[in-house]
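Below: the structure, in structure tokens.
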Amino acid sequence: MLLITCPWCGDRDEPEFSYGGQAHVPYPADPEALDDEEWARYLFFRDNPAGPYAERWVHTAGCRRWFNAVRDTRTNRFTAFYPAGAPRPVDGGGAS
Amino acid sequence: MSAEARRGAERQAPAAAELPDDLWRNPEPKGSYDAVVVGAGGHGLATAYYLAKNHGITNTAVLERGWLAGGNMARNTTIIRSNYLWDESAAIYEHALQLWEGLADELGVDVLFSQRGVLQRVRESTRRVQANRLNGIDAEWLTPEEVREACPILDISASTRYPVLGATFQPRAGIAKHDYVAWAYARAADRLGVDLVQNCEVTGFLRDGDRVAGVRTTRGDIRAGLVGMAAAGRSSVLADTVGLRLPVQSHPLQALVSELLEPVHPTVVMSNAVHVYVSQAHKGELVMGAGVDQYNGYGQRGSVHVIEHQLAAALELFPVFARARVLRTWGGVVDVTPDASPVVGLTPFENLYVNCGWGTGGFKATPAAGWVFAHTMATGAPHELNLPFTLERFTTGALIDEHGAAAVAH
């Protein structure tokens with residue numbers, strides 16, 4: 001079970017949280033300009049690395065707020081927790 | 001011999017005695033092949049076998065980073081069925097089921113395919129039964145009393161939180177012995193001249209413009225006319241090395257077995273109301289699984305609360321399991337697509353083909369996945385059965401959404 005640090009509530013067990021997949025995937029700036037292939041990329045394709053991954057979590061059974069984390073998908077070790085909207089931390093984003 | 005007596009005899013049969021002594025060679029990889037298949041799991045082995053058997057392509061290598069059939073082939077719960085909702089899915093899984101029915105004769109090894117039926121408590125059950133029947137699949141609707149006849153240890157009383165209101169039943173569905181399936185395909189492919197190379201990780205691709213001309217491996221470069229990826233949970237990692245993005249996410253999927261028990265469970269039961277699937281293996285252990293862990297992960301392990309949840313579900317269905325003990329839990333890495341259907345087809349790179357995205361349901365599809373992927377590689381065009389399952393569907397929008405119809409998972 002993962003131990004997850006909510007930026008507002010602190011350390012809590014994983015069952016309190018829901019997963020939101022890859023972080024930092026912006027809605028298309030000019031949606032009407034996208035062709036079918038580009039829409040497919042936006043809707044259905046996400047990074048899937050074996051290694052550090054910036055991902056979204058929501059504290060469903062707590063404060064119900066979204067935030068981001070960087071976790072190594074091979075070891076499950078978290079290296080950063082930060083509020084939604086903040087950029088991925090440079091120093092916490094890559095170490096495994 | 002009654003069905004019950006036959007099952008008892010199956011369980012008592014000494015497993016090792018049924019396997020031939022000679023399985024396959026362990027050749028050094030050559031510098032060049034007509035075809036290379038990446039991944040010696042069930043799908044990769046079946047692909048190599050049907051490339052040789054159906055298409056005469058025998059100068060083939062199957063390259064495996066670990067040991068043969070040590071990934072999801074060794075970690076699944078071996079359920080085989082074809083009662084999917086949509087026409088496209090029913091067609092490919094039913095093709096698989098028909099191949100399963102002749103597999104022991106085809107490969108010359110008993111793979112312990114046991115058609116004990118699969119019983120499912122699902123939403124929209126009668127709708128799915130009708131859809132299945134229209135596709136020629138043996139689907140039945142069972143009332144609670146009939147459910148109890150099919151599986152006497154199921155609790156059908158009204159006092160449970162989610163009472164059993166009925167179930168779908170596919171009599172031809174069942175389970176098989178996963179190791180024997182892999183080894184049978186491996187042995188048959190080896191006999192046809194296929195090189196099975198273990199401890200040989202593919203780390204990249206040899207490129208000639210937009211054409212793939214071979215693979216880079218931990219044991220040197222290997223040139224190949226055709227390259228097929230059958231890497232399941234590691235498909236994204238492999239495809240990334242050539243700049244190909246796949247619509248899959250890799251998740252842990254856990255399963256568990258109990259200690260060995262006397263035969264108590266004659267069929268396979270799946271429930272998505274309480275989220276678990278259960279059968280009893282030939283040796284006697286109860287085999288259970290549920291859904292994926294929610295996060296992406298490559299660690300071949302998951303979170304313990306997922307196991308706890310599926311055991312709670314199993315106890316609701318089978319109060320008699322309260323005194324059984326968990327012997328072992330484990331995890332695999334499954335590649336899940338947005339529509340819970342696989343991807344089998346061409347890629348933007350000439351000579352590079354992809355078979356991935358089977359998610360939690362790949363084992364049952366093994367013969368058909370190999371059959372259609374071999375066809376796709378050999379002819380350069382999809383078989384009619386995997387034509388709806390190519391990468392293009394994510395651009396056209398013709399998704400095959402099996403989330404709801406696939407019961408718990410697959």
Side-chain angles (χ1 to χ4, degrees), chain A residues 1-6 11-25 28 31 34-62 66-81 93 96, chain B residues 65 201 203 231-241 243-252 254 291-309 312 331 333-341 343 348 356-357 390-399 401:
Chain A
M1 186 186 297
L2 305 181
L3 181 64
I4 297 173
T5 308
C6 171
D11 292 349
R12 301 294 181 91
D13 285 343
E14 181 198 338
E16 293 190 15
F17 298 86
S18 302
Y19 191 61
Q22 184 181 351
H24 309 296
V25 180
L34 265 54
D35 62 21
D36 288 350
E37 175 116 25
E38 289 165 329
W39 268 118
R41 297 274 148 192
Y42 170 67
L43 288 173
F44 301 126
F45 289 71
R46 294 291 181 270
D47 293 344
N48 186 27
Y53 190 42
E55 60 192 13
R56 306 165 71 223
W57 289 91
V58 58
H59 195 180
T60 318
W66 284 92
F67 61 95
N68 295 336
V70 177
R71 181 180 54 96
D72 191 312
T73 59
R74 296 163 299 185
T75 61
N76 288 335
R77 183 184 299 275
F78 285 100
T79 51
F81 296 97
S96 58
Chain B
R65 66 191 283 267
E201 180 172 1
T203 55
R234 294 191 67 83
S235 293
S236 293
V237 175
L238 183 63
D240 273 349
T241 64
L244 172 64
R245 240 177 153 214
L246 296 171
V248 296
Q249 297 281 286
S250 295
H251 290 270
Q254 302 185 76
V292 297
D293 277 63
Q294 58 180 340
Y295 49 82
N296 291 22
Y298 283 88
Q300 292 186 313
R301 64 205 167 110
S303 296
V304 72
H305 65 93
V306 176
I307 295 287
E308 196 176 10
H309 187 70
V333 182
V334 298
D335 41 331
V336 178
T337 59
D339 60 355
S341 287
V343 173
C356 72
T390 61
L391 274 173
E392 286 73 23
R393 76 175 184 274
F394 296 98
T395 304
T396 63
L399 303 185
D401 183 4

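Here is how names work: the chains are called A, B, and so on, in the same order as the sequence lines, proteins then strands, and each is numbered from 1.
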Out of curiosity, A:Phe45 CZ to B:Leu391 CG, how far, rounded to the nearest 0.5 Å? 6.0 Å
Are side-chain heavy atoms of A:Asn48 and B:Tyr298 found at a separation under 4.5 Å? yes
Would you say that B:Tyr295 contacts A:Asn76 through its side chain, given a criterion of any heavy-atom pair below 4.5 Å between the two side chains? yes
Across all chains, not counting sequence neighbours, the side chain to side chain contact (heavy atoms under 4.5 Å, CB included) partners of B:Thr241 are B:Phe205
Choice from B:Gly302, B:Ala239, B:Pro247 maximising heavy atom contacts with chain A below 4.5 Å: B:Pro247
Quick one: which of B:Ser235, B:Pro338, B:Pro252 has the most heavy-atom pairs under 4.5 Å with chain A, could you say? B:Pro338
Ranked by heavy-atom pairs below 4.5 Å to chain A, first place among B:Arg234, B:Gln249, B:Gln300 goes to B:Gln249
Looking at B:Gly299, B:Gly297, B:Ser250, which has the largest count of heavy-atom pairs under 4.5 Å with chain A? B:Ser250
Could you measure the distance from the CG atom of B:Asp293 to the CE atom of A:Met1? Nearest 0.5 Å is fine. 10.5 Å
Which atoms of B:Val248 come close to chain A, meaning under 4.5 Å heavy atom to heavy atom: side chain ones, backbone ones, both, or neither? both
Tell me every residue that passes side-chain hydrogen bond (donor to acceptor under 3.5 Å, both in side chains) with B:Thr203, counting only those two or more places apart in sequence or in another chain. none
Among residues 392-399 of chain B, residues within the sub-4.5 Å heavy-atom range of chain A, in order of number, are B:Phe394, B:Thr395, B:Leu399
Interchain contact, A:Gln22 with chain B, by part (heavy-atom threshold 4.5 Å): side chain
Chain B heavy atoms under 4.5 Å from A:Asp47: which part of the residue, side chain, backbone, both or neither? both
Residues that A:Glu55 engages under side-chain hydrogen bond (donor to acceptor under 3.5 Å, both in side chains), provided they are two or more places apart: A:Tyr19, A:Trp57, A:Arg71
For chain B, the option from A:Ala50, A:Gly51, A:Ala40 that forms the most heavy-atom pairs under 4.5 Å: A:Ala50
